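Reviewing the structure listed below.
Because the structure is predicted, anything quoted here is derived from the model rather than measured. All heavy atoms count here, side chains included; hydrogens, waters and symmetry mates do not.
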Amino acid sequence: MATNRTYTMIKPDAVAAGNTGAIIKMIEEAGFRIVAMKMTQMTPDIAGKFYEVHKERPFYADLCSYMSSGPIVPMILEKENAVEDFRKLIGATNPADAAPGTVRKLFAKSIEANAIHGSDSDENAAIEGAFFFSSVEQN
Ligand code: IDP
Ligand code: MG
């Protein structure tokens, strides 16, 4: 069932570069309502759990180290067709392939340090949102 919610996090490279505000502005201007938001930092173990589906991929260890290297800004967002529309707003994984005007084209440093996460399905949006926020925080 479509929930009209997605999960995102502004990644350590974008937070460190001072792009948090600009990215949140793009998200709001694209019509997403911020349901939940905070700033936190993952340990390598927690990043490993979050990205467990990628554990067989060659970049897994680097990804966990990068994602725990500094603060991130996790958010739950709401909009009609949230998952798909948000993936369009952020652009392709590799900024070299990302469409003009997308968050990753504007702010990503590399295929790994690519500024922002976006859930790839309604099911994963719910799982990932619950990974960072308790049910009472998801208003
Ligand atoms: P997505 O974030 O666009 O959904 P995924 O394939 O789910 O992309 O990969 C998760 C994250 O792992 C990416 O956002 C990026 O940070 C990192 N990543 C993906 N592919 C590579 C790669 O080939 N080299 C290094 N890091 C990668
Ligand atoms: Mg993904």
Side-chain angles (χ1 to χ4, degrees):
M1 190 189 75
T3 59
N4 294 334
R5 287 189 177 189
T6 191
Y7 170 78
T8 184
M9 50 193 166
I10 303 176
K11 294 185 176 185
D13 62 294
V15 174
N19 291 324
T20 303
I23 292 172
I24 290 172
K25 188 167 196 291
M26 282 181 73
I27 291 170
E28 290 192 316
E29 284 179 352
F32 292 86
R33 180 176 81 87
I34 300 170
V35 173
M37 175 169 72
K38 63 186 167 190
M39 180 174 275
T40 188
Q41 184 165 352
M42 292 193 278
T43 63
D45 273 7
I46 289 173
K49 286 200 185 77
F50 185 86
Y51 282 112
E52 199 146 25
V53 307
H54 294 310
K55 69 172 181 291
E56 305 303 334
R57 295 174 80 176
F59 57 81
Y60 177 69
D62 270 0
L63 176 63
C64 296
S65 149
Y66 153 64
M67 284 301 297
S68 56
S69 68
I72 58 167
V73 178
M75 285 176 260
I76 294 173
L77 303 174
E78 191 168 74
K79 182 185 181 297
E80 230 175 85
N81 203 33
V83 166
E84 197 185 332
D85 285 0
F86 195 73
R87 295 286 302 198
K88 278 192 197 130
L89 179 69
I90 70 176
T93 307
N94 187 344
D97 302 329
T102 58
V103 175
R104 283 169 166 168
K105 180 56 103 188
L106 290 167
F107 298 111
K109 307 247 181 301
S110 67
I111 189 170
E112 178 181 77
N114 61 359
I116 194 158
H117 171 84
S119 302
D120 61 8
S121 65
D122 286 335
E123 187 192 3
N124 284 336
I127 292 168
E128 292 170 1
F131 189 93
F132 281 92
F133 296 99
S134 72
S135 56
V136 295
E137 292 170 318
Q138 298 185 35
N139 299 308

Is any side-chain heavy atom of L77 closer than 4.5 Å to a side-chain heavy atom of I34?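 Yes, close enough: below the 4.5 Å cut-off.
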What I'd like to find out is whether the side chain of L63 reaches to under 4.5 Å of the side chain of R57, using heavy atoms alone.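 Contact flag for L63/R57 side chains = no.
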Under 6.0 Å from the ring centre and within 45 degrees of the ring axis: does the NZ or CZ of K49 meet both conditions for the six-membered ring of F131?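 Not satisfied by the 6.0 Å and 45° rule.
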Lys NZ or Arg CZ of K79 over F32 ring: under 6.0 Å, within 45°: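 Yes, K79 sits over the ring of F32.
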Are any side-chain N or O atoms of [X] and backbone N or O atoms of [Y], one a donor and one an acceptor, separated by less than 3.5 Å?
X	Y	result
N94	I111	no
K11	A108	no
Y60	G48	yes
E84	N81	no
R5	A126	no

Following the transitive rule for hydrophobic clusters with a side-chain heavy-atom cut-off under 4.5 Å over Ile, Leu, Val, Met, Phe, Trp and Tyr, establish whether M9 and I116 coincide in one cluster.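 No: no chain of side-chain contacts under 4.5 Å links M9 to I116.
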Quick one: sort the F50 and H117 rings into parallel, tilted or perpendicular, breaks at 30° and 60°.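 Taking H117 first and then F50, their aromatic rings stand perpendicular (interplane angle over 60°).
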Test side chain to side chain contact (heavy atoms under 4.5 Å, CB included) on I90 and T8 and set out the steps. CA-CA 10 Å; I90 70 176; T8 184; 5.6 Å; no
CD (E123) with more than 12 external heavy atoms under 6.0 Å: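 It does not: E123 CD has 12 such atoms or fewer within range.
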